Structure formats: structure tokens, C-alpha cells
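Just so we're on the same page: letters track the sequence lines, and every chain starts at 1. Atom set for the values below is all heavy atoms of this structure, side chains included, hydrogens, waters and symmetry mates excluded. Treat the numbers as computed from the prediction; the structure is a model and nothing was measured.
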Protein chains: 2
Amino acid sequence: MHSFTEENYLKAIYKLQETNGEVVATSSLAQVMGVHAPSVTDMLKRMAGKKLVTYQKSKGFKLTEKGKQVAVGIIRNHRLWEVFLVDKLGYKWDEVHDLAEQLEHIHSEDLTNKLDKFLGFPKADPHGDPIPDANGVLPKSKAVLLSTLKIEEKGTFTGVTDHTPAFLNYLDKAGISLGNTVKVKAIEEFDQTYTLQIKPEKEIVISYKVANSILVNIA
Amino acid sequence: MHSFTEENYLKAIYKLQETNGEVVATSSLAQVMGVHAPSVTDMLKRMAGKKLVTYQKSKGFKLTEKGKQVAVGIIRNHRLWEVFLVDKLGYKWDEVHDLAEQLEHIHSEDLTNKLDKFLGFPKADPHGDPIPDANGVLPKSKAVLLSTLKIEEKGTFTGVTDHTPAFLNYLDKAGISLGNTVKVKAIEEFDQTYTLQIKPEKEIVISYKVANSILVNIA
DNA sequence: AAATATAATTAGATTAGTCTAATTATTGTA
DNA sequence: TACAATAATTAGACTAATCTAATTATATTT
Ligand SMILES: [Mn+2]
Ligand SMILES: [Mn+2]
Ligand SMILES: [Mn+2]
Ligand SMILES: [Mn+2]
């Protein structure tokens with residue numbers, strides 16, 4: 001079908017479009033793909049030929065509907081495999097991303113769907129990211145950054161925006177896990193440090209940087 | 001580490017060495033890899049440079065110890081994934097080979113070992129082929145071809161030498177599954193057709209070709 | 001608007017893995 | 001042993017994905 005490389009470009013474009021708007025620049029893509037700009041220009045021209053992206057010289061590019069379908073399919077694979085690794089094989093949430101980067105490229109819709117069923121049709125991966133369904137529909141999340149909450153507001157910890165093992169490990173050590181209820185007890189004026197209540201009698205202090213990497217659903 | 005292509009060459013050489021003796025010919029390998037002879041010469045020269053095989057111009061090649069280790073590792077992956085697909089995802093034994101051809105190339109010893117544990121350290125894959133342990137040790141099987149049994153001899157069906165879906169499906173239809181006890185009731189002089197007793201009161205007739213593709217452990 | 005800085009593309013090369021056509025080596029037979 | 005058949009290698013070319021260096025296009029300042 002498509003090469004791993006093409007699939008990785010599609011995924012990267014998809015994610016850039018999600019966060020940075022419709023049109024993606026050569027340089028951004030080069031950066032996230034870890035290649036130099038001319039490689040991107042070349043690759044994208046080839047992919048435009050396959051109708052996976054639209055491309056106008058020096059104007060950037062965006063995914064076609066077809067390209068988007070493929071991208072979402074890979075993301076579905078990635079997140080389902082992450083659930084498998086954590087729920088079934090006992091991996092920790094900070095260990096699974098690189099393996100899922102490999103497993104996401106196994107080409108079989110049937111396998112993906114059987115895996116989905118085996119896992120009990122999970123709605124989110126171990127990091128709280130939503131899993132597209134078999135039709136490529138991605139549930140729209142209404143989670144917001146913890147850093148947008150005001151004092152006394154409450155929410156449920158549903159995801160992270162930083163997926164690095166370093167950050168995930170920090171959360172483990174701090175005792176914050178997906179599903180926890182958090183209530184903002186105080187926000188330090190000077191440096192935006194947050195004091196949170198998690199569990200009835202546990203209070204913790206986190207930096208703004210941390211609060212800005214945590215997603216919550218407001219209660 | 002190694003490319004998928006290299007891994008597939010190693011696996012193919014390993015299997016050729018198992019069945020056709022130590023030294024492998026360019027043409028045999030070209031045939032099983034589905035490429036033309038010059039591609040093999042090229043590839044094998046590169047692989048000799050990496051000390052995966054030894055190569056003497058026009059004299060054929062064989063795996064080094066290092067090459068053998070890699071090959072056995074891939075085979076371990078392949079067979080464990082086949083067990084996963086059948087035992088956990090509900091695939092049938094004739095459907096899993098091509099998926100395992102993809103999954104076997106996931107690079108992670110740790111994943112392989114966790115999968116092994118999750119599956120309960122199986123000794124054999126769904127086709128009865130032995131699974132190498134974490135040290136690459138492959139249990140030596142003493143299974144023989146059903147076609148070597150004499151009248152009134154009994155055995156346990158433990159594997160197949162033909163892995164095609166067509167043959168596996170035939171066995172399903174004939175009602176022969178791994179683990180079944182078989183007893184040779186008659187062998188037709190004219191065409192070597194076998195009459196077998198499987199289960200207390202069930203007798204079936206199979207061709208020589210079939211008897212020659214079934215492995216049994218003599219009781 | 002012109003000058004400068006930044007971003008993107010083109011040109012030309014490289015590597016892995018493959019091909020076809022031509023050549024050389026090995027093997028089997030007369 | 002010499003001749004023919006078969007097997008293997010070399011030569012030269014192609015594609016996907018990458019690179020560096022040079023060039024062109026766009027954006028930002030003065
Ligand atoms: Mn991930
Ligand atoms: Mn994830
Ligand atoms: Mn198989
Ligand atoms: Mn098998």
C-alpha cells in the first residue's frame with residue numbers, strides 16, 4: 001500500500017494541521033520529520049502525485065481527504081497498540097510510544113478491528129488521546145488545559161499534551177494518574193504555580209509548565 | 001538494526017540450510033525470495049560485509065553464527081505472533097502467516113519476551129512448529145512424516161510441512177487437528193492412500209500427498 | 001520601494017534494493 | 001578432454017528517500 005515513510009509524513013502533516021492550522025510549511029514538516037527541507041519538497045511532490053496532499057509551489061501543502069483517511073488510520077493503529085502494550089503486556093505509559101511507532105504500520109484493517117474488539121473497544125489510549133473508530137471518526141474532545149482553570153474549579157484529568165517519558169514519569173512520581181479528580185486550591189500570583197487537591201486529602205504543588213501540559217474535563 | 005529485507009534473506013537462508021544442507025545456492029535463494037539472481041549476489045555481498053553470511057564467489061554461502069542468531073530471533077517473533085493471533089484474536093490457523101510476516105520485524109527483544117510471557121510461554125505455534133526460547137534455542141523435534149508409519153502404528157498429530165491455507169483448510173474440513181491421535185488402519189498398495197483412525201470411532205481416508213505433509217510423534 | 005533576511009526549490013549526488021543483458025564459471029556429458 | 005548446458009557474476013540502469021550546495025521566491029525591515 002503506502003510506504004512507512006509516506007505514512008509517517010501523513011501522520012506528521014495531520015498533527016501539524018491539527019495544531020497549526022490548515023496549511024503546513026516545508027520547514028515545519030522538515031523539523032518534525034527530522035529531515036532537511038529539500039527532502040520534504042521531493043517527498044511532497046511525489047505524494048501530491050498520489051493525491052495524498054495538495055501542493056502549490058512555495059505555498060505549503062495540506063492533506064487531501066484520502067491523505068486524511070490514511071493518517072487517521074495510522075493514528076487508530078498507534079493508539080490501539082498502545083492500549084494493548086499497557087493493558088495486556090504490562091508496559092508503563094511512558095514506555096509504549098516507540099513500539100507503537102513500529103506497530104502502527106502493520107497493514108491490516110482486519111487485524112486492527114480484531115485488536116479493537118480484543119481490547120474491548122477502548123475510547124482512549126494510555127495517554128488519554130482519543131481512538132478513532134473503524135470509520136475514522138475521532139470523538140471531539142472538550143478537554144481544556146489545566147492551566148486555564150480558576151481557583152476552586154474542579155476537573156478530571158483526561159490527558160496530556162506532552163508525551164515525553166520525562167513528563168509522564170514526573171506525573172507518576174507526583175501521583176497524578178488519568179481519571180483523577182483535581183481541584184485548584186491556589187494559583188501563585190508571582191509564577192503561576194498551582195496548588196491542586198487530588199484525592200480527598202492530598203494536595204500537591206505543580207509548576208505552570210506542568211499545568212499547561214495537562215488536559216482536564218471540567219466537572 | 002537490520003533492514004526488513006536483510007532479515008527476510010536471513011530467514012530464507014536459515015530455512016534453506018535446514019532442509020537442503022549447509023551451503024545455499026544463489027538460485028535457490030533467488031527463487032524463495034522472489035527476486036532475480038543478480039539481486040541475490042549483490043545482497044549477499046553486502047551481507048557478507050556485515051558478517052551475517054560467509055560468501056565465496058560462485059561457491060554459495062552460509063550463515064555465520066551472528067546471522068543464525070538473527071534468523072532464529074525472527075522465527076521466534078513470527079511464531080509467537082502467530083500464537084497471539086490465533087489464541088487471543090481468534091484468527092484461524094490458515095490466516096495468520098502473512099500478518100506474522102509483518103509482525104516478526106518489530107524490533108524489540110523486550111516486547112518479544114513480554115509477549116511470550118503473556119501467551120504462557122508456548123512451546124509451538126499454531127502449525128506445530130517449535131518456538132525458539134529467549135536464548136535462541138530451538139527444541140529438537142522428533143516428529144516424523146505420517147507417510148513413514150506402517151499399518152497399526154499410532155502417533156499424535158504435531159505439525160505440518162505444508163503451510164498453505166489450501167492444505168490447512170483441507171485438514172479442517174477433514175476434521176484433523178493438532179493433538180489428535182491417529183492410527184494407520186490401512187495403506188492402499190496401488191497409490192499409497194492411507195486409511196486413518198482419528199478419535200475412537202472416526203475413520204478417514206487421505207492421499208499419500210496429504211500423509212506426506214503431516215508430522216506425527218510416534219506413540 | 002529597496003535591501004535584507006528567511007524560506008523553498010532546483011541541481012546533482014548517494015545508498016539500498018532491485019532489474020535486464022552480457023559475460024564468466026561450473027558441471028555434466030559425449 | 002572438449003562441448004554444451006546451467007549457474008553465477010558483472011555491468012549498467014532504475015526508484016525511493018535522503019543529503020549538500022546553489023539558486024530563487026517570499027517576507028520583513030529599513
Ligand atoms: Mn504514542
Ligand atoms: Mn498515546
Ligand atoms: Mn508462518
Ligand atoms: Mn507457523
State whether B/Y9 places a side-chain N or O below 4.0 Å from either non-bridging phosphate oxygen (OP1 or OP2) of C/dA16.
no
CE of A/M47 versus P of D/dT18: gap in Å, rounded?
11 Å
To the nearest Å, give me how far apart CD (B/E7) and P (C/dG17) are.
11 Å
From NE2 of A/H2 over to P of D/dA17, roughly how many Å is that when rounded to an integer?
11 Å
With a 4.0 Å cut-off on heavy atoms, is A/Y55 in touch with a base, just the backbone sugar-phosphate, or nothing at all?
sugar-phosphate
How long is the line joining CG of B/L52 and P of C/dA16, in whole Å?
13 Å
Of C/dT9, D/dA17, C/dT20, the nucleotide closest to the side chain of B/H36 is C/dT20
Side-chain N or O of B/R46 closer than 4.0 Å to phosphate OP1/OP2 of C/dA16:
no
Without decimals, in angstroms, what is the distance between A/K45 NZ and D/dA17 P?
15 Å
Let me check something: any side-chain donor-acceptor pairs from residues 39-50 of chain A under 3.5 Å, sequence neighbours excluded? List them with distances.
| unit_1 | atom_1 | unit_2 | atom_2 | d |
| --- | --- | --- | --- | --- |
| A/S39 | OG | A/H36 | O | 3.4 |
| A/T41 | OG1 | A/A37 | O | 3.4 |
| A/K50 | NZ | A/E6 | OE2 | 2.4 |

More 5' along DNA chain D: B/F61 or A/M33, using each one's nearest nucleotide?
B/F61
Within the distance-only criterion (no hydrogens, no angle test), does the side chain of A/Y194 pair as donor or acceptor with the backbone N or O of A/S147 below 3.5 angstrom?
yes
Could you verify whether a donor N or O on one side chain and an acceptor N or O on the other, from A/T164 and A/D162, lie under 3.5 Å apart?
yes
Side chain of B/Y91, backbone of A/L111: donor and acceptor closer than 3.5 Å?
yes
Please tell me if A/S39 has a side-chain N or O lying less than 4.0 Å from either OP1 or OP2 of D/dC19.
yes
What nucleotide, of D/dT9, C/dT9, C/dT18, holds the atom closest to the side chain of B/A37?
D/dT9
Just the rounded figure in Å: distance from C1' of D/dT9 to CG of B/L29.
15 Å
Is the distance from OP1 or OP2 of D/dA17 to the nearest side-chain N or O of A/S3 less than 4.0 Å?
yes
Using a strict threshold of under 4.0 Å (side-chain N to carboxylate O), is an ion pair present between B/D172 and B/K92?
no
The ring-ring contact (aromatic ring centres under 6.0 Å, His included) partners of A/H163 (sequence neighbours excluded) come to A/H127
Take the protein atom CG of B/D42 and the nucleotide atom C1' of D/dA8, then report the distance between them rounded to whole Å.
12 Å
Atom CE of B/M43 and atom C1' of D/dT9: how far apart are they, to the nearest Å?
17 Å
Counting only side-chain heavy atoms from C-beta out, which of D/dC19, D/dT9, C/dT18 sits nearest to B/T26?
D/dT9
Has the side chain of A/R79 got a donor or acceptor atom that lies under 3.5 Å from a matching backbone atom of A/P130?
yes
I'd like to compare against my own output: the B/S/- annotation of nucleotides 22-27 of chain D with a strict under-4.0 Å heavy-atom distance to protein.
------
At under 4.0 Å, does any side-chain N or O of A/S27 touch on OP1 or OP2 of C/dA8?
yes
Would A/K11 and A/E104 pass as an ion pair if we require N to O under 4.0 Å?
yes
